[in-house]
*Asks:* 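Got a structure here, written out as structure tokens. Questions coming.
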Amino acid sequence: MSKSCLTMDKLVSHCKTVGFVYPGSDIYGGLANTWDYGPLGVELKNNIKRSWWKRFVQENPSTYGVDAAILMNSRVWEASGHTASFSDPKMDCRECKTRYRADNLIEEHSKGEVNPDTMTNEEMEAYIEEHHINCPRCGRHNWTPIRQFNMMFSTSRGVTDEGQDLIYLRPETAQGEFVNFLNVQRTTRAKVPFGIAQIGKAFRNEITPGNFIFRTIEFEQMEHQWFCKGEDGDKFYHEYKQKAWQYLLDLGFDEAELRFKDHDKLAHYAKAACDIQYNFPIGWSELNGIHNRTDYDLSRHQEYSGKPMQYLDPVTNEKYVPYDIEYSIGCDRLLLAVLCAAYDEEQLEGGDSRVVMHFHPFLAPYKVAILPLQKNLGDKAKELYATLSKHFMCTYDETGSIGKRYRRQDQIGTPMCVTIDFDTLEDDTVTVRDRDTMQQVRLPIDQLVSYVQERVQFN
Ligand code: ATP
């Protein structure tokens, strides 16, 4: 299938039908920009997190993981600048009262070719007028002026009604890594350069015209902060650009569907910043960001907490606040890209067709499907399920023709189907069918675990 045939609607429908992702609070009519992961989605998401953690923590002896609290002292958000300026340019359609981000309207209208980050609010208003961008919901053109809205969700904490403190659901995981800089450095005796990584939920009061899980109000981030000497910042910035790129290639992404995009407008504290964009069905859009954030974050926390965030170099006796190279990728957004890249509709010989998800086997929700050719082979098949499921996520299916069962596994991306037939009872061999090539091999059961293991590695 050519990639241009994949629409977001088609993907949403496939995900709902087979059990990857459902609309949040579905039976109550949903809640805008929330989605629930189903039985397949939760496996896919966990495998994405495992692949990232393996690559950026497990295989990096100088990176340490944390799992910080979602609710943090409000001073954190004053220090980080979020209380004062974590806002988006919003405008409302006066006709149907739907609210949009002006920058998103421009990005989507131009299919990612125009970068609104460099525009002032007045320039964005002018662009929307000039290009006559209409309300995506009602199709009319009657906009309010742009206003800035803070995107942090607030809640309150306290045991009495009078003594409530305003606190926030974190809008990014990064601050959990910064406030633990000293804890991690001291407890691990890490020497600069070293990294702190975290996977966790973040919350933003986003207003979007849909686009599935691309932009949601609750999402997971996978973030890696690399603390280094200021003079090494450029070197590590380029190193992390390459690492972030290579990670995506190793997950099976086609290089032609990815591109680097340097930020045209840098935050006042940043020395360099870029995104990796993916060619989603909605056009080229940010998948992850890499920033040289200088010593800004640790210095701000030093200023606001009054605790020195300095590192004492044991060799040179030099004391300094390290620079930070941040690599941040949304787990849900990566999952969306993985779904888009994997989805395919293939015409087969004999006029048949199939929907197939070509996931990297490490990411596939189930590694193996166990299919007894006939129901009376079920005992042997269940025995095999019990053996293999100690090693991998497996699924079992005994209903329908074998062809139909293969198709069911193809559309959820199971890389291997194992068929048990009457010969299996005689000689303990099974047929293993490959999802992508549809080729079959006959194997002794006692070789299955190592056969599958070899094919589901992520290296
Ligand atoms: P965007 O420009 O798309 O709003 P951002 O530049 O604000 O993203 P960061 O704050 O750098 O994003 O967050 C890092 C990553 O987290 C992004 O690259 C993206 O993958 C993911 N992300 C950010 N906001 C959302 C969201 N609302 N829903 C899903 N993922 C998100």
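Any value given below was found using the heavy atoms of this structure, including those in side chains, with hydrogens, waters and symmetry copies removed. Read the numbers this way: they start at 1 and go in the same order the structure lists the ligands and their atoms.
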*Asks:* Return a yes/no value for L287: is any of its N or O atoms, backbone included, closer than 3.5 angstrom to an N or O of ligand 1?
*Replies:*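 There is such a contact, yes.
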*Asks:* Could you see which bit of N288 sits under 4.0 Å from ligand 1, with heavy atoms only: side chain, backbone, both or neither?
*Replies:* backbone
*Asks:* Do the side-chain N and O atoms of E43 and N47 include a donor-acceptor pair separated by under 3.5 angstrom?
*Replies:*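 Distance-only check fails for E43 and N47.
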*Asks:* What pair of heavy atoms forms the shortest contact from W143 to N134, and how long is it?
*Replies:* CZ2-C, 3.7 Å
*Asks:* To which of R204, E172, H291, E107 does the heavy atom nearest atom 9 (P) of ligand 1 belong?
*Replies:*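 That would be R204.
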*Asks:* Which heavy-atom pair separates P322 from L298 by the least distance, and what is that distance?
*Replies:*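 Smallest heavy-atom distance, with atoms named: CD-CD1, 3.8 Å.
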*Asks:* Which one of E206, E108, E286 satisfies the salt bridge (Lys or Arg N to Asp or Glu O under 4.0 Å) criterion with R215?
*Replies:* E206
*Asks:* At what distance is the nearest protein heavy atom to atom 29 (C) of ligand 1, and which residue and atom is it?
*Replies:* F214 O, 3.3 Å
*Asks:* Counting only heavy atoms, tell me which of E326, R215, E220, E223 gets closest to atom 4 (O) of ligand 1.
*Replies:*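 Comparing heavy atoms across E326, R215, E220, E223, the nearest one to atom 4 (O) of ligand 1 lies in R215.
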*Asks:* Once you measure the plane-to-plane angle for H268 and Y296, does it fall in the parallel (<30°), tilted (30-60°) or perpendicular (>60°) bin?
*Replies:*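 If you compare the ring of H268 with that of Y296, the planes turn out perpendicular.
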*Asks:* Can you list the atoms of ligand 1 that are under 4.0 Å from a heavy atom of G330?
*Replies:* 15 (C), 16 (O), 19 (C), 20 (O), 21 (C)
*Asks:* Check this for me - ligand 1, I213, N or O atoms closer than 3.5 angstrom, yes or no?
*Replies:*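 No; the residue has no nitrogen or oxygen that sits under 3.5 Å from a nitrogen or oxygen of the ligand.
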*Asks:* How are the rings of Y240 and W226 set to each other: parallel, tilted or perpendicular (split at 30° and 60°)?
*Replies:* tilted
